4 protein chains.
Amino acid sequence: MMDMKKTKVGIVGASGYSGEELVRLLLTHPHAELAAVTSRQYAGQTLAQVFPKFGNHPHAKNLRFADPNAAMLAKQAQVVFLALPHGVAAQFAVPLLQQGCQVIDLSADFRLKSAAVYKDFYAHDHPAPDLLATAVYGLPEIYRSAIKNATLIASPGCYPTSILLPILPLLRAGLVKSAGIIADSLSGVSGAGRKAELDYLFVECNESVRPYSVPRHRHLSEIEQELSLAAGTPVVIQFTPHLIPVNRGILTTLYLVPEKHFDNADEAAALSQKITACYQSAYGNEPFVRLLDGKALPDTKNVVGTNVIEIAWRLDPRTGRLIVMSAEDNIVKGASGQAVQSMNILCGFPETAGLI
Amino acid sequence: MMDMKKTKVGIVGASGYSGEELVRLLLTHPHAELAAVTSRQYAGQTLAQVFPKFGNHPHAKNLRFADPNAAMLAKQAQVVFLALPHGVAAQFAVPLLQQGCQVIDLSADFRLKSAAVYKDFYAHDHPAPDLLATAVYGLPEIYRSAIKNATLIASPGCYPTSILLPILPLLRAGLVKSAGIIADSLSGVSGAGRKAELDYLFVECNESVRPYSVPRHRHLSEIEQELSLAAGTPVVIQFTPHLIPVNRGILTTLYLVPEKHFDNADEAAALSQKITACYQSAYGNEPFVRLLDGKALPDTKNVVGTNVIEIAWRLDPRTGRLIVMSAEDNIVKGASGQAVQSMNILCGFPETAGLI
Amino acid sequence: MMDMKKTKVGIVGASGYSGEELVRLLLTHPHAELAAVTSRQYAGQTLAQVFPKFGNHPHAKNLRFADPNAAMLAKQAQVVFLALPHGVAAQFAVPLLQQGCQVIDLSADFRLKSAAVYKDFYAHDHPAPDLLATAVYGLPEIYRSAIKNATLIASPGCYPTSILLPILPLLRAGLVKSAGIIADSLSGVSGAGRKAELDYLFVECNESVRPYSVPRHRHLSEIEQELSLAAGTPVVIQFTPHLIPVNRGILTTLYLVPEKHFDNADEAAALSQKITACYQSAYGNEPFVRLLDGKALPDTKNVVGTNVIEIAWRLDPRTGRLIVMSAEDNIVKGASGQAVQSMNILCGFPETAGLI
Amino acid sequence: MMDMKKTKVGIVGASGYSGEELVRLLLTHPHAELAAVTSRQYAGQTLAQVFPKFGNHPHAKNLRFADPNAAMLAKQAQVVFLALPHGVAAQFAVPLLQQGCQVIDLSADFRLKSAAVYKDFYAHDHPAPDLLATAVYGLPEIYRSAIKNATLIASPGCYPTSILLPILPLLRAGLVKSAGIIADSLSGVSGAGRKAELDYLFVECNESVRPYSVPRHRHLSEIEQELSLAAGTPVVIQFTPHLIPVNRGILTTLYLVPEKHFDNADEAAALSQKITACYQSAYGNEPFVRLLDGKALPDTKNVVGTNVIEIAWRLDPRTGRLIVMSAEDNIVKGASGQAVQSMNILCGFPETAGLI
């Protein structure tokens with residue numbers, strides 16, 4: 001691996017929080033070379049000028065933001081990341097794919113199998129419905145082999161990752177009911193993007209905690225799609241996102257009902273063993289899933305800056321429920337790190353290359 | 001009211017966060033005079049020395065912390081607030097009551113009707129089980145008339161207040177099922193008290209979000225007691241507290257199931273009307289409950305520093321659930337403000353005196 | 001005082017942070033009635049709609065924002081507060097004064113005596129230079145008697161207040177040199193106003209500390225004007241503002257050189273005594289200045305939400321300097337609280353009415 | 001370099017913030033192997049148990065904290081880092097050196113040349129005065145060649161680094177006066193260490209800004225020692241540290257007086273050119289110093305998590321001063337990163353190995 005020629009990659013929309021994090025990860029990636037970054041707002045400026053924090057990387061002083069142009073990008077890069085708003089991403093994906101690029105899209109544009117569901121949740125027609133069948137949902141722990149052969153990867157959002165990774169193995173193993181699932185999530189403010197809106201000013205977010213988009217957040221569409229696929233039956237869940245005053249991190253608490261009642265200590269012990277085995281089998285060898293044991297519970301501060309998701313669970317004999325909790329960095333495992341993880345798989349690099 | 005002689009009050013354990021907030025509220029209370037404050041740690045020092053922020057109040061320069069002594073206190077004050085750890089509070093309540101004081105206890109010692117439940121959740125025998133029958137649970141919106149005639153008020157904790165006020169009217173009106181209730185709560189760090197423990201250091205809490213005490217937090221005992229009384233049947237709930245990096249505030253999200261299904265828009269509208277009417281009837285005239293309408297959702301920053309609890313709700317036709325959200329200041333409505341509200345009722349002062 | 005008819009007051013530009021704080025202070029003021037609030041952006045909405053936190057105040061449900069109109073305002077209010085950007089404030093001050101209102105302006109428009117200095121620092125011609133001579137600089141501890149008879153009060157900004165109150169008595173008493181003064185200030189983010197700009201997003205400010213406007217911040221103009229008046233000679237100072245991740249508060253550290261050297265313990269003790277006496281004489285009876293003694297140093301958390309400024313000082317025998325430190329709430333003593341304090345003086349109310 | 005055997009390193013006192021950061025840096029260092037970690041408190045537990053965040057590193061599951069024992073350590077490691085309180089560090093340095101280890105001490109024990117100055121500032125006799133002459137002050141940009149041949153490196157503290165790196169080149173070049181220097185510093189709370197003290201609780205630090213140790217902080221001793229060496233004359237400075245609510249980061253603002261007056265634009269331009277050349281010559285090729293140009297000013301958020309110090313400066317023609325500002329991560333460039341940088345030099349690794 002050490003001598004291989006580096007793969008050239010580009011980022012469209014590199015000035016938002018996900019884009020910036022892609023820059024960070026790709027500037028120091030051992031097998032990829034960041035060859036192009038685009039931003040309408042910052043066209044002509046170097047990476048170092050826009051992001052002083054990268055200023056010590058020699059490449060950051062030379063690489064300049066360009067106006068986004070698919071034809072140009074296709075010449076500069078083999079793999080292109082799209083860090084754009086939904087609706088806009090598809091406009092770049094189409095020509096880039098036509099010109100032979102591999103596309104890793106961080107928007108919601110290609111995450112859904114159904115253009116109708118897309119329209120229902122995003123309130124406009126899908127801009128490129130023909131591509132939905134080819135796109136691979138970029139959750140490496142679940143779709144690794146499909147990602148390996150993809151040309152278009154729809155990298156999942158932060159909330160879906162924090163909800164799907166803890167639930168999917170349990171649903172697939174038939175350990176929990178597919179009905180009645182509740183996901184209560186707490187997100188850092190970077191999840192709202194780098195947008196100049198009053199709601200996300202420091203003074204409005206600091207010393208504030210608030211729910212939003214209750215009861216129907218857009219990401220429900222992809223979450224329920226993936227849960228339904230795993231359960232083999234349509235799944236509808238309750239999902240409540242909250243905004244909390246941290247820069248980064250999502251903490252999700254999941255309320256699940258085991259398929260099998262556990263009315264006494266023996267049944268609880270048996271069920272515990274099954275859950276442990278299920279997670280161990282699903283994630284025991286995954287480099288970016290940390291299954292907590294003992295008394296440890298997830299804490300966003302233990303995953304911030306890394307591509308790791310922490311998972312812990314507790315059975316509650318009083319209520320008969322299984323509580324599963326996860327913590328991830330919404331911008332890394334919940335966005336750019338996961339996209340780089342997919343790139344690693346796609347390009348045949350070690351899956352952990354450039355990631356911690 | 002303006003000429004009435006001020007009632008003398010005392011605070012035992014005035015150096016924690018609840019005690020400090022009681023000091024703040026009582027120093028400027030129009031009908032109460034803060035006559036005694038105790039603290040083993042700070043005995044001999046003035047209020048102004050221990051809490052520089054109160055230094056501009058003339059009384060703060062004269063009033064000195066004393067070692068706690070029930071006999072002395074009973075001579076100095078008619079109403080005594082106990083801001084002590086559970087177990088310790090009862091030791092002061094007994095002699096103070098014997099000497100004719102009215103006691104408002106902010107600990108958990110007198111909140112439960114059953115000494116057995118107390119032992120189950122607090123892991124030691126109840127220190128004064130005989131008093132449990134006399135104590136009044138100090139939730140003014142629910143027990144106002146009993147508070148008026150109480151001698152011992154057990155002022156509820158922050159989590160219970162944030163959970164009970166939103167649910168009790170619905171349960172009493174039979175609008176929601178008593179089974180399957182989930183309370184997901186997010187608390188500011190002051191809820192952990194002013195304790196020198198590594199877990200609550202700035203660096204450990206800032207940029208951190210984490211659940212704790214899963215699945216069996218002590219406050220479940222009083223929450224379930226009060227829900228059971230309202231429902232007329234034993235209620236067991238799921239409760240998950242989380243620690244979030246704000247000084248103050250609790251945001252609780254409640255997942256409830258309406259008694260009556262709502263399968264179409266008409267049924268949803270009918271149910272909505274009933275819920276609106278239920279809350280309006282329960283809290284429409286309450287000075288410290290803010291029922292949000294329109295698109296507004298609770299936000300802790302809108303209640304911090306006040307005795308107000310904000311409540312909003314949404315029906316979710318997709319899941320058939322009712323989501324109710326509340327926000328309060330854990331140290332004011334969740335502790336000291338509520339205790340002062342009870343004092344106002346007990347002493348015949350206007351209920352809002354000294355509170356905003 | 002208790003029976004006096006309330007004075008009607010209005011606020012122009014009530015939707016920024018200073019305006020919101022004026023609303024908070026005036027809604028509960030014992031002698032003022034908030035009769036009019038204006039905001040182009042929110043015209044037609046009630047106070048309760050725009051600021052849910054005031055929703056429990058009955059007046060907040062009735063009072064609606066109106067488009068700003070000087071003629072209308074002059075009919076509704078005797079005292080009008082202007083919480084507007086500089087340049088805009090003057091446009092309202094002129095007609096309001098003509099129609100007999102008393103105006104308390106929180107902008108920089110009338111703080112300078114010289115239209116030339118204004119132009120130098122604010123980069124446009126002064127919009128109403130004729131009024132500069134009539135305006136009174138609204139620092140009550142310094143200009144109380146002039147404020148009493150003013151028609152136009154130019155209420156000082158947050159940085160000037162935090163710098164002037166600690167220095168002015170020392171300069172007037174000739175205890176410190178007027179040359180070589182350095183003011184290093186740390187401001188909470190609310191000081192930047194409620195503006196939707198990327199620089200003030202939560203993610204850009206949280207976990208960030210940064211200087212700005214180095215070396216020539218606009219407020220230098222009024223600071224140096226007032227220092228020069230006190231010193232009786234032109235004073236030029238060094239001033240470095242920093243942005244720190246708190247909602248509210250300014251902490252200023254001042255580096256001063258005593259007029260008289262103190263080379264040994266006796267001289268230091270003599271100088272200390274003089275400084276103590278100087279501050280005691282200037283502020284010993286001031287309700288909103290807290291002179292710290294013993295080991296206490298200013299801390300913004302002890303003044304937030306109040307109109308108090310804390311001051312402490314230390315002589316450094318190693319360097320021969322006097323270090324003076326102050327803490328205030330930039331939105332209260334540094335803006336709206338100070339403006340209300342001036343109103344109290346102007347209207348003959350107790351100076352502390354409605355303020356803590 | 002790729003095939004060289006890794007150097008075995010140990011950390012004494014690995015459970016504080018500096019120790020934890022050393023663990024982070026050394027676990028992934030390409031040329032060092034973390035062979036031993038000690039902690040009285042956590043002896044017997046694995047790194048993964050004490051620091052869940054490192055749990056995904058295979059080594060963290062095997063490496064256990066041991067009770068500190070110099071003889072044992074000397075067998076396990078060639079290079080030993082001491083992350084201990086001052087006074088305690090020397091007790092380990094002596095036997096480790098005797099047994100042939102190279103020691104990198106992060107405490108203050110060996111930073112001063114003079115045992116008398118040590119006693120004056122640290123209030124106890126120096127525990128190993130004989131070693132003071134051998135110790136090298138571990139500021140790589142200044143003492144690189146001495147570090148290369150050192151056996152005992154006294155790695156500088158966070159404040160000194162933030163002050164010395166910006167000033168030393170100017171003093172050495174004779175561009176600024178050595179008298180009258182003022183350093184005003186703002187530090188994140190991790191600088192106080194992982195100590196369970198009330199002052200550093202989240203609630204006491206959040207929404208708080210405060211100076212401390214005014215006017216004589218201990219680190220003045222090493223700062224003035226190094227400034228004096230550079231100036232060739234005794235230097236006494238003013239230094240005011242402040243605590244601000246961020247986890248990490250130090251922002252220092254320095255007030256300097258150029259040797260040569262600049263009374264007009266030409267003189268200012270000439271001086272600017274000299275300062276630029278001075279910094280360029282000193283740091284133009286330094287991998288961890290970022291000289292900002294254009295309008296950029298230091299911001300701690302641009303250096304957090306990295307070993308970089310940002311420096312910018314402004315001449316103020318109004319006051320005749322030179323303002324220099326720096327930002328660094330107090331735990332990386334201000335502690336553990338700098339120590340690893342020294343290890344890299346000492347061991348002949350690339351100086352940037354394992355650091356960003």
Side-chain angles (χ1 to χ4, degrees), chain A residues 179-188 203-216 220 224 236-240 242-255 257 296-302 304 310 312-325 327, chain B residues 179-188 203-216 220 224 236-255 257 296-302 304 310 312-323 325 327:
Chain A
I181 295 173
I182 294 176
D184 193 288
S185 292
L186 319 177
S187 171
V203 176
E204 305 299 321
C205 294
N206 184 39
E207 292 296 292
S208 158
V209 195
R210 44 181 142 136
Y212 66 99
S213 293
V214 181
R216 193 170 182 267
L220 271 169
E224 292 180 347
V236 172
I237 73 159
Q238 193 78 54
F239 167 51
T240 315
H242 300 76
L243 198 67
I244 47 167
V246 295
N247 279 4
R248 290 168 170 229
I250 283 189
L251 192 295
T252 288
T253 303
L254 296 160
Y255 299 94
V257 182
L297 290 176
D299 186 331
T300 58
K301 74 168 171 273
N302 289 336
V304 161
E310 283 191 345
W313 54 271
R314 296 289 186 273
L315 283 175
D316 187 352
R318 300 172 71 259
T319 64
R321 280 205 198 79
L322 168 63
I323 316 297
V324 187
M325 295 145 284
Chain B
I181 295 174
I182 294 175
D184 193 288
S185 292
L186 319 177
S187 171
V203 175
E204 304 300 319
C205 295
N206 185 39
E207 292 296 292
S208 158
V209 194
R210 45 181 142 136
Y212 66 98
S213 294
V214 181
R216 193 170 183 267
L220 271 168
E224 293 180 346
V236 172
I237 74 160
Q238 193 77 55
F239 168 51
T240 315
H242 299 75
L243 197 68
I244 48 167
V246 296
N247 279 4
R248 290 168 170 230
I250 282 189
L251 192 295
T252 288
T253 303
L254 298 160
Y255 299 94
V257 181
L297 289 176
D299 186 332
T300 56
K301 73 167 172 275
N302 289 335
V304 161
E310 283 192 344
W313 54 272
R314 296 290 185 273
L315 283 175
D316 187 351
R318 300 172 72 257
T319 63
R321 280 206 198 79
L322 168 63
I323 317 297
M325 294 145 286

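Every chain is numbered from 1 and lettered A, B, ... according to where its sequence line falls, protein lines coming before strand lines. If you're wondering where the values come from, they're calculated on a predicted model, not measured in any experiment.
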Taking all non-hydrogen atoms of both residues, which atom of [X] and which atom of [Y] are closest, and how far apart?
X      : Y      : value
A:V209 : B:T300 : N-OG1, 2.9 Å
A:I323 : B:Q238 : CD1-NE2, 3.3 Å
B:P298 : A:P211 : O-CD, 3.3 Å
B:Y255 : A:D184 : OH-OD2, 2.5 Å
B:S208 : A:V246 : N-CG1, 3.8 Å

Measure distances from [X] to the heavy atoms of chain A and classify the residue's part below 4.5 Å as side chain, backbone, both or neither.
X      : value
B:R314 : side chain
B:L243 : neither
B:E224 : side chain

Interatomic distance, B:D316 atom CG to A:I237 atom CD1 [nearest 0.5 angstrom]: 10.5 Å
query: Mind checking what makes salt bridge (charged side-chain N to carboxylate O under 4.0 Å, His left out) contact with B:E204, not counting sequence neighbours?
result: A:K301, D:R194
query: Which one, A:I244, A:N302, A:L186, leads in non-hydrogen pairs under 4.5 Å with chain B?
result: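 Option with the greatest count: A:L186.
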- request: Take A:H242 and B:M325 through the test side chain to side chain contact (heavy atoms under 4.5 Å, CB included) and record every step on the way to the result.
  value: CA-CA 11 Å; A:H242 300 76; B:M325 294 145 286; 5.6 Å; no
query: If you count heavy-atom pairs under 4.5 Å with chain A, which of B:A179, B:P245, B:G188 comes out on top?
result: B:P245
- request: Under 4.5 Å heavy-atom distance to chain B, tell me which part of A:L220 shows up: side chain, backbone, both or neither.
  value: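 For A:L220, side-chain heavy atoms alone lie under 4.5 Å from chain B.
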- request: Write out all pairs satisfying salt bridge (Lys or Arg N to Asp or Glu O under 4.0 Å) with one or both partners inside residues 206-216 of chain B, taking only residues at least two apart or from two chains.
  value: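 Residue pairs passing salt bridge (Lys or Arg N to Asp or Glu O under 4.0 Å), neighbours aside: A:D299-B:R210, B:D120-B:R216.
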